[in-house]
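Counting starts at 1 for both ligands and their atoms, following the listed order.
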Amino acid sequence: MTVAAPAAADAAASANTVFEPRLVAFVCKWCTYAGADLAGTSRMLYPPNVRVIKLPCTGRIDIAFIIRAFSQGADGVIVSGCHPGDCHYSAGNFRARRRWTLFRDLLDILGFDLRRFQCAWISAAEGTKWAATIRDFTEEMRALGPYTAMRQLAGERGAPVAPRAAVWHGRPARREPEPSADPATRARSEALAGAIAAALTDKSIAAAVGWTLSPTLRRPRPLWITAPEEADRLGLPGDSDGNLARLLKHPQLTVRPLGMVVRHAEMQALNVLRQESQVAEQDVVLFAVARDGRFLGRLDWDAAVAALAADAEGRVNGFSPEVEAEVSRVLALPSAERWDYWRTQFARCIKCYACRNSCPMCGCEVCLADKNQPQWFPTAADGPGNFAWHVIRAFHLAGRCVGCGACQAACPAGVAVNLLGAALARSAAGHFGHHAGASHQDLPLQAAFRTDDRESFIK
Ligand code: FES
């Protein structure tokens with residue numbers, strides 16, 4: 001391929017005359033790469049500032065690549081591939097288009113300068129368009145100057161963590177919880193325990209997960225039982241005590257069918273997992289509990305969704321009014337202040353991955369953060385490492401996060417992790433009418449597409 005050597009851009013930059021932006025282009029090999037090749041063989045002139053990285057399809061352009069390019073000093077990134085309808089793998093670019101929409105929104109939420117991330121459709125016959133696009137992009141980035149925000153991030157170490165009031169430091173001797181003094185609560189709790197004991201006795205479930213009151217934590221904690229006589233240790237869940245659906249992925253909890261105490265948050269999470277074929281209807285037996293503590297009974301899937309629907313009242317895309325109010329406040333800030341807000345938030349992260357481990361949706365067999373051959377992003381709890389972790393995680397949860405707040409409750413450093421989820425949930429609802437976990441029949445947001453999905457931002 002005949003493209004001017006990027007070393008020339010480095011040479012110009014070091015000569016310290018005119019600022020020469022460093023640009024990275026992630027392109028599909030079938031269309032845009034061939035278009036760039038055509039520009040080269042046709043001897044079209046365009047600035048040598050761009051490093052071209054070819055991939056099999058736009059569907060293979062992972063946002064981790066884009067973040068890595070920016071954290072390693074790129075001043076601008078462009079992604080490009082076949083025009084809609086021309087993808088060699090049928091729909092890779094339709095899916096990419098949806099992901100680019102969400103990723104741009106995520107960058108905007110963070111206060112990132114959106115002009116530095118551009119998208120284009122360029123076919124193999126459009127050498128002229130490739131040359132013009134790179135010329136315009138280079139000019140624009142040259143005028144903007146170096147992207148100092150990302151470079152500052154590269155020099156940042158994690159800030160000292162302000163300890164939260166309630167941090168659990170030890171493993172005290174186990175004590176049984178006090179039974180509730182309230183007769184109505186006791187009756188509800190006994191009804192739930194009775195239903196689960198009956199299911200364990202008639203072997204319609206092999207085990208059950210629910211909640212027991214932890215006197216140490218002073219709130220319910222998950223409990224896993226396999227025998228009917230253990231059911232009397234079960235109690236009612238609180239309003240925001242994590243999400244039991246995460247236990248479906250626990251490597252030691254593999255028995256099925258599994259009885260599960262479900263509230264609205266668990267039901268939404270199960271809907272998402274079922275959309276993604278990560279759980280089957282027959283794997284889980286549902287014991288539904290309303291937000292006010294009423295035991296609604298052992299219900300089949302659709303009945304549980306319907307019975308718990310009232311608990312969504314007052315919540316926006318599953319998120320509480322308090323979270324929504326904070327998201328509105330942050331999104332109303334000017335972009336530079338938004339960037340500072342998130343930088344401060346991410347600087348507190350100690351990379352304990354409690355947010356991931358408490359999340360019902362984070363269930364990859366090997367998380368991207370744990371892969372080191374190749375290492376997809378820095379694992380240190382510093383500026384680039386924390387930025388990459390939170391952005392990639394938020395993006396992986398776009399259209400999937402149900403707003404249960406388990407991540408926020410688990411974070412020992414008080415990073416506002418669920419705000420990113422709430423902001424992206426707005427984006428998913430606004431662009432695609434998608435509400436995570438509303439029904440198990442919906443298609444997963446990032447695996448689906450419509451041929452008329454918006455693309456006004458793509459050149
Ligand atoms: Fe070019 Fe899919 S093959 S976008």
Side-chain angles (χ1 to χ4, degrees), residues 1-4 6 23-42 44 46 49-70 74 76-107 114-138 276 368 374 376 391-392 395-396 398-400 427-428 431-432 434 443-459:
M1 180 176 134
T2 316
V3 180
L23 310 177
V24 179
F26 293 102
V27 303
C28 154
K29 74 171 182 179
W30 295 105
C31 286
T32 306
Y33 190 79
D37 207 8
L38 177 65
T41 51
S42 309
M44 293 174 197
Y46 61 90
N49 302 54
V50 67
R51 289 151 170 79
V52 181
I53 298 173
K54 70 171 173 178
L55 292 140
C57 174
T58 48
R60 183 61 189 92
I61 303 175
D62 196 302
I63 64 134
F65 304 161
I66 301 166
I67 292 167
R68 195 181 174 107
F70 278 119
V77 171
I78 186 164
V79 290
S80 179
C82 313
H83 286 266
D86 289 350
C87 175
H88 280 53
Y89 308 97
S90 302
N93 52 3
F94 285 128
R95 294 194 171 89
R97 179 172 64 182
R98 197 168 259 213
R99 291 206 296 271
W100 294 347
T101 303
L102 292 166
F103 184 56
R104 275 172 50 87
D105 278 9
L106 176 55
L107 293 179
L114 270 190
R115 293 169 295 182
R116 296 183 182 272
F117 172 62
Q118 300 198 0
C119 313
W121 301 134
I122 299 174
S123 77
E126 292 178 316
T128 318
K129 182 174 179 185
W130 167 261
T133 303
I134 297 302
R135 252 194 317 269
D136 294 349
F137 193 35
T138 308
E276 297 170 349
L368 206 58
W376 292 91
V391 174
I392 291 171
F395 187 75
H396 285 187
R400 306 175 68 233
S427 166
H431 294 312
F432 308 111
H434 181 92
L443 290 169
L445 178 67
Q446 294 195 46
F449 64 89
R450 286 170 51 112
T451 51
D452 61 349
D453 277 341
R454 73 187 281 271
E455 61 166 28
S456 52
F457 61 94
I458 304 177
K459 289 178 194 287

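- For the side chain to side chain contact (heavy atoms under 4.5 Å, CB included) with Phe432, the lone residue among Arg98, Gln446, Arg450 that qualifies is Arg98.
- Crowding of Lys129 atom NZ: a count of heavy atoms from other residues, nucleotides or ligands under 6.0 Å exceeding 12.
- Atom CZ of Arg97 and atom OG1 of Thr58 lie 10.0 Å apart (nearest 0.5 Å).
- The backbone N or O of Ala120 sits less than 3.5 Å from a side-chain atom of Ser80, completing a donor-acceptor pair.
- Residues Tyr89 and Pro56 approach most closely at CE1-O, 3.3 Å, considering heavy atoms.
- Ordered by chain and number, Cys28 SG, Cys82 SG make up the set of protein N, O or S atoms under 2.8 Å of atom 1 (Fe) of ligand 1.
- By the 30° and 60° cut-offs, the orientation of the rings of Phe103 relative to Phe117 is perpendicular.
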